[in-house]
Structure formats: C-alpha cells, structure tokens
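Report on the structure given below.
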Amino acid sequence: MTDLTTQSETKRAPTSADVARLAGVSQTTVSQVLNGKAGVARIASETRDKVLEAARQLGYTPNHAARSLRERRTKLIALILPTIDNPYFSDVVNAAQEAAREAGYAVAVIPIRAGEEFRVSTFLQGAACDGIIVAGHDNCSSPELQILRARGLAVAVLQERSPDPAISSVSVDLAEGGYLATHHLAGLGHRRIGHITERLRPAADGRSRIDGYRRALAEAGLFFDPALVVVTENSMAGGAAGLDRLLEADGEPATAAFVYNDQLAVGVLARLRERGQRVPEDFAVVGFDGLAIGAFTAPPLTTVDSPRGALGRLAAETLIRAIETGADVGETHRLPVRLEVRGSCGARERPAP
C-alpha cells in the first residue's frame, strides 16, 4: 500500500484507507464515523476523535460529497437554532436571510432545542444544502459538526468557539458585555450585584458573560458570591423565578442584577413590580441583547446592545465564502458591544458602604 509520504509527492487525493492508517483503525470504522453512525456502531468517542483528526490533517473529503459540491449547488443554507421563541434570533435570522438572498442563496431555519439529539448529520445527508450555520452550545460543541465538515459541507458556528480550525466562528464580545453591565452597576455604588443566567458555563478562554461579570467585580474590589448567581429557564417566567431565588438567597440581599438576556430581564422587571419593589430605587437591572422591547418596559431597560443584525449578516457572508472558495481554514470574527443606559439601572449615585 502506498506510503503517506508518496501521497504528498504524487499529489493524489487522500483516501479512506489513508485516514484509517493514520488513525490506526479499520476503513469500516472510518466509514461509520464519517457517515454519522459512530453512535449506532458504539464507536468510542476517543476513536471517533482520532478519525476526525486524521481526516482533517489529510484534508480527506469522501468522493460523493466532493462530487456533489462540484457538480451542483442547492443554493440553500441551513440555520440551526436552539429555539425560535427568543426575539434575539428573529433579528439574527432576518439579517442572515437578507445577506443570503443578496448572494443568491436561501436560508432554512431548523430549531433543535438544548438536550435533544443533534440530528443534523442525518438530516443533511448527501447534498440537502451547501452549508450550515449552527447556534447554541449543545449544537456547536457536537462532534457531528466535524463529521459534516469532514464530508465536505461548509460549517460556521454562531456565538461559540469553533470546534475545529476549518470551521468558522462568528460571535459578539460576550465577556465585554458582562463586564460593561457589572462595571456600570458597581459604579453606581452597588455592592451586592447578582447575575441571573440561563446557564452557568464560564468559557475556558474567558469569553462568556459571567467571565466579564467576575472581572468587573474583582476590578471594583467586590467579592464573588456564588449565592448571587442564579441559573433559571431562558424565558420571561424564568426571569421572574430567578429574581425570587436571588432575593431569597441567604446572606445580605442583592440590590442589583446583571441579567443574561433581555427576555429574562423583562421577567425580572415584572416580578419586581409584583413584589412592590421600585426600579431602580430599590433594585437596579441591566439586561443583554438590546431587544426593541427593552425601550418600552417600565422603566425602560438598560441593556448591553448586541449587534444582532451584523452578527446574522456576517455569519451568512462568512459561510457563503467558505462554500464558494472551498476554504480549509475557518474565519474568526468577534463583534463589539455597547451599553445602552436607560432607566432600569438608575442614575443616582449610592454612597459607599
């Protein structure tokens, strides 16, 4: 059998046998992994990862996928979302669809909620679309993404770290947003600042909202108290329930909260009214996303404005470049955020303790 060094000399395309030899597995195992059947075949995750890494190193693309991409394009992009209930994603989708339409593509939106089986590798067998944009941690971290990429499909992830150097990543600066919100509240004199979140997952590279929250607390000389961090369901009702838990936590009560997103923050404001607490006199609130509804709450919601339209447009443009150039190296984009100060945080300076 031809040695791998001979392959580079003759410039022949890598084969599944080359992948199998480099990964130290059988060709059957390579086929099962790259066709999304590792789970059914009960292939260990370590073995699956070896196959994916070998395919990536060799630049291996199965012939049927490469032929499909060469001979015809569907001009269709799949946009995988964790939910379609949050208005945040409506803005992202609208911008992605507009950018795709300008380039002659259409966008199919597929909601796959957290905790569900990642079905994309099955759904997108063959040439159902030219590429996918994936949002949501559970979706973005799935090994199926690397399988799809190894099979020749263009992939980009939204608001998460790329799981593979060949997969593009498009995000906004979440950590800076968390820092801006918390820094602002600390600057108003708050010393017990809570964080109501839909998940507790500090990023290894310090890129999450809670990383920025902790950095601002440390900069202000404030102690990070885990009791002030509340994880709740990502909905308005979840925001209300999270506020109850935050105010009922042991120890000195919080006087302000940085909330994971505006959807949760609207629920927080509603529950504060129900509890008879004045905003911002008794409790201050800062959200995240910059949704239009925030300008119409009572009082108007201070929020970290995330460039949702720019995010969706850039994701579509980045993916289309990968589709049309066949790029093997992913792009990384991180968009800036800004603080939109409104009435829910309060302008009155609080005295230092």
Side-chain angles (χ1 to χ4, degrees), residues 81-95 111 113-114 135-140 158-160 170-182 184-185 193-203 207-214 216 228-246 254 256-272 279 283-297 299-312 334-342 344-345:
L81 301 176
T83 177
I84 56 174
D85 298 332
N86 191 331
Y88 173 89
F89 285 116
S90 297
D91 295 338
V92 172
V93 169
N94 288 338
R113 298 179 183 275
H137 172 65
D138 289 350
N139 295 333
C140 291
L158 198 64
Q159 209 60 293
E160 297 289 343
V170 183
S171 65
V172 302
D173 198 337
L174 300 177
E176 180 65 12
Y179 171 82
L180 290 174
T182 311
H184 182 70
L185 290 169
I193 304 171
H195 180 39
I196 299 175
T197 178
E198 66 101 14
R199 64 184 173 204
L200 186 57
R201 189 178 55 83
R207 287 178 52 185
S208 73
R209 292 168 176 82
I210 195 170
D211 292 312
Y213 165 78
R214 297 190 66 156
L228 294 183
V229 178
V230 174
V231 181
T232 188
E233 176 187 292
N234 190 5
S235 66
M236 294 181 190
L243 187 276
D244 287 338
R245 289 169 53 196
L246 179 62
F258 160 49
V259 186
Y260 182 88
N261 63 27
D262 289 352
Q263 180 172 247
L264 287 169
V266 170
V268 168
L269 291 175
R271 184 52 55 87
L272 285 167
V279 179
F283 197 92
V285 180
V286 178
F288 197 116
D289 282 345
L291 298 184
I293 191 175
F296 300 95
T297 57
L301 178 65
T302 295
T303 182
V304 176
D305 188 15
S306 170
R308 302 170 306 286
L311 184 71
R334 192 183 307 178
L335 301 176
V337 296
R338 67 181 184 86
L339 185 67
E340 178 71 33
V341 179
R342 300 190 183 116
S344 69
C345 62

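Note that this is a predicted model, so its numbers are computed, not measured.
Using a distance-only test at 3.5 Å, with no hydrogens or angles considered, a donor-acceptor pair links the side chain of T303 to the main chain of G290. Formation of a donor-acceptor pair under 3.5 Å by the D173 side chain with backbone atoms of E176 is found in this model. Side-chain N or O atoms of R207 include none that pairs as donor or acceptor with a backbone N or O of A175 at under 3.5 Å. Of the possible polar contacts, none joining the S171 side chain to the R334 backbone as a donor-acceptor pair under 3.5 Å is found. Between the side chain of R209 and the main chain of Y260, a donor-acceptor pair closer than 3.5 Å is present. Judged by distance alone, with hydrogens and angles left aside, the side-chain atoms of S344 form a donor-acceptor pair with the main-chain N or O of V285 at under 3.5 Å.
For the side-chain hydrogen bond (donor to acceptor under 3.5 Å, both in side chains) test, residues two or more places apart in sequence or in another chain that qualify with D91 are R308.
Looking at N234 and Q263, their side chains do bring a donor and an acceptor atom within 3.5 Å of each other.
Summarising the geometry, atom CD belonging to E340 is positioned 12.5 Å from atom CG belonging to L180; distances are rounded to the nearest 0.5 Å. Expressed to the nearest 0.5 Å, how far CG of L174 lies from CG of L335 amounts to 10.5 Å. The CG atom of D305 lies 4.5 Å from the CZ atom of R338; values are rounded to the nearest 0.5 Å.
Remark: of the listed residues L311, D262, N261, L311 is the sole one forming a side chain to side chain contact (heavy atoms under 4.5 Å, CB included) with Y88.
H184 approaches C345 most closely through the heavy-atom pair NE2-SG, 3.3 Å. Between A95 and G309 the shortest heavy-atom distance is CB-O, 3.0 Å.
Between H195 and F258, the ring planes lie parallel to each other; the angle is under 30°, not in the 30° to 60° tilted range.
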